[in-house]
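Structure first, commentary second.
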Protein chains: 2
Amino acid sequence: MAGALRKTSKTGAANAITADLVAVLVAVTDGEPKIMTIANDGALPSGPFEFTHRSLQMGLRAWVEAQTGHPLGYVEQLYTFADRGRAGDTKSPHSISISYLGLTREDKVGQGFEAHWSGWYEYFPWEDRRAGLPASLAKTLASRLRAWAKSAATTALQRERWQRATITFGLDERDWNEELVLQRYELLYEAGLIPEAVRDGADATAVIPGRQMIGDHRRILATGIARLRAKIKYRPVVFELMPAEFTLLQLQRSVEALAGRLVHKQNFRRLIEQQQLVEETGAIAADTVGRPAKLFRFRHAVLAERAIAGTKLPLSRT
Amino acid sequence: MAGALRKTSKTGAANAITADLVAVLVAVTDGEPKIMTIANDGALPSGPFEFTHRSLQMGLRAWVEAQTGHPLGYVEQLYTFADRGRAGDTKSPHSISISYLGLTREDKVGQGFEAHWSGWYEYFPWEDRRAGLPASLAKTLASRLRAWAKSAATTALQRERWQRATITFGLDERDWNEELVLQRYELLYEAGLIPEAVRDGADATAVIPGRQMIGDHRRILATGIARLRAKIKYRPVVFELMPAEFTLLQLQRSVEALAGRLVHKQNFRRLIEQQQLVEETGAIAADTVGRPAKLFRFRHAVLAERAIAGTKLPLSRT
DNA sequence: TGGCTTATACTTATCCTGAGCATAATCGAT
DNA sequence: ATCGATTATGCTCAGGATAAGTATAAGCCA
């Protein structure tokens, strides 16, 4: 009966909690993905959901604008989790975090704000494979992972750990799947290879390069990157990050920056053009090296035409 | 500074709210998708997140078990939204709903519980296209939508509305996209064609068939269906809904039931087999009509092998 | 002018997909 | 025993999409 339901639903004030709104705000400048950070680049913009907010999104917009001076455009929800400092202190969480992904163009951050644009690969150096595995990681990463796998109690567990490592990090001839950002972070966390985990109780053996953040923020960022990498493959969201006019190479560089891997140039153009995602502006890019490129703009009509349909980018995992 | 951040984050009790946990619990029986309902089939299992819960998921599990006697297996988060009765009363929401999708096999619901399995198409008759558009809707739906489009103020608006309708409902030669469950529901809501909208203030002109639910529950259900329809295409989640052993036709029927559309039999088998998702048990299905079919079981190894990789089902939109 | 760089057009081989044909195995009615 | 209905299973074929490469065009600069 609805009566019974109502009753159970109204435990009310006794179970009151607070909800934090957290934003992963992304831009791409000069072929580098940036995220908005505050607190000396150690935190994502965030703040509590308050009674004055008319909705979750509006609360988020209010906080981001207050902290960064930057108004939010495209926004989508990422994930909600109970925050408690991740390692298990046994008490129950009294606060939850609701995270969002926002896309914009980089702008001057208003004065008087402590917000900055930081390169997102500063937080996840291992996610940038455009030039292969970064030198700072080439030697350490795989061997640390193998050591972690070896340290398991049983051989079955060892094998299982190593299999997870090879899959998520594309080791042993497996190929790299750029979407597994969160899985990689979680695995490194489990392996005690990142500072947040050490802080949460593991022993501080050896840590992998990469800037840390407060609380769960780096994990939220990983979630945002993963979502964006997945989404650019089937929705025309890259254009939220592009200037009004751009060359096909600039577009390609942005996609590559987000995906952390390179794509075949000719095929990229074919795909973009055959889908009629863009149209020529008639203008030609100025001050460039090499043969000048045509400028294009996003055909906003596609948003109406297909509503939710599809975009394809040559980023499947071969 | 982290200090400043901390301060803003600790507005504390003044902004305390309650969080409800809501479950879309799905099973497939005899080729029909079912959802667990309570309150006389008018609500999804749900309850407030309480201090005794160690995490959001555990809170959800506790509520579902208490209300339905059914333990939860596979669970994933769906969406979080501020609940306020959807139409805008101007007050701020003091409660949020965190929704989850759960997959199981239908089981006898324990006695003494008011929970039932209901067919999900009772709530969304227009989503079942396995036998074409249901007769109860064939005439009304398109014409009602057209009327709604026509009722817009300007011709530009009219065109825009009709375009949305044709895209989401696959009218005018466009093809049906089974994933747009939520968009269709939202559009019908906007058009005042479902009871929840009427209750929320629109005028009760003509309403489309389909059982209603309390609050936002039908919208949450739409979100769950959409997610599941999307997910079966690239993750082996269908098997969570299958018995231990099954024939390929049973598997196909389950997929078709979820997707609400039919698939090409031979191609379906080709895809399943070439991906090595299943293995023969050696047994043969008993008491069937026609040539007896081999029984298969899910190869649980694939979960380890690919972790997050891929499954393909012949459900792309041509 | 030649060399460097980027843009853009085409080609080719392979794989995937949708659709259909053909045959096999079972049951029940005649 | 045979026919018809029903489901299972194997195979083919055409078209499209994809990955990868070759070739040519159009600028700049020394």
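By convention in this document, chain letters (A, B, ...) are assigned in the order of the sequence lines, proteins followed by strands, and residues within each chain are numbered from 1. Every heavy atom of this structure was used, including side-chain atoms; hydrogens, water molecules and symmetry mates were not.
- In terms of polar N and O atoms assigned as donor or acceptor, the side chain of A:Q266 comes within less than 3.5 Å of the base of D:dT22 in a complementary pairing.
- Position along DNA chain D of the nearest nucleotide to B:A293 versus A:V289 favours B:A293 as the more 5'-ward residue.
- Rounded to whole angstrom, the span from the CG atom of B:L251 across to the P atom of D:dT7 amounts to 17 Å.
- Counting atom types as modelled, B:R270 pairs a side-chain N or O with a base atom of C:dG18 as donor and acceptor under 3.5 Å.
- A:K294 comes within 4.0 angstrom of sugar-phosphate atoms only, judged by non-hydrogen atoms across all strands, and of no base.
- Salt bridge A:E240/A:R235: absent, no basic N to carboxylate O contact under 4.0 Å.
- Counting to the nearest Å, the P atom of C:dA7 and the CG atom of A:N267 are 16 Å from each other.
- Counting only distance, with no hydrogens or angles, the side chain of A:R105 and the backbone of A:A27 share no donor-acceptor pair below 3.5 Å.
- Look at CZ on A:F246: it is 20 Å from P on C:dT6, rounded to the nearest Å.
- A salt bridge links A:E178 to A:K233: one of the charged nitrogens lies within less than 4.0 Å of a carboxylate oxygen.
- Remark: the backbone N or O of B:R174 is not paired with any side-chain donor or acceptor of B:D172 at under 3.5 angstrom.
- For A:E273 and C:dA7, the CD to P distance is 12 Å, given to the nearest whole Å.
- In this structure, A:L249 reaches the sugar-phosphate backbone alone: every heavy-atom distance under 4.0 Å involves primed, P, OP1 or OP2 atoms, never a base.
- Atom C1' of nucleotide C:dA9 and atom NZ of A:K265 are separated by 13 Å, given to the nearest angstrom.
- For the side-chain contact (heavy atoms from CB on, under 4.5 Å) with B:V26, the qualifying choice from B:T104, B:L221, B:V237, B:L228 is B:L228, the only one to do so.
- C:dT6 atom C1' lies 13 Å from atom CD1 of A:I284, rounded to whole Å.
- If you take CZ of B:R291 and P of D:dT7, they are 14 Å apart, rounded to a whole angstrom.
- Atoms CD (A:Q250) and C1' (C:dT8) sit 16 Å apart, rounded to a whole Å.
- Between A:R269 and A:G290, the residue anchored nearer the 5' end of DNA chain C, judged by the nucleotide with its closest heavy atom, is A:G290.
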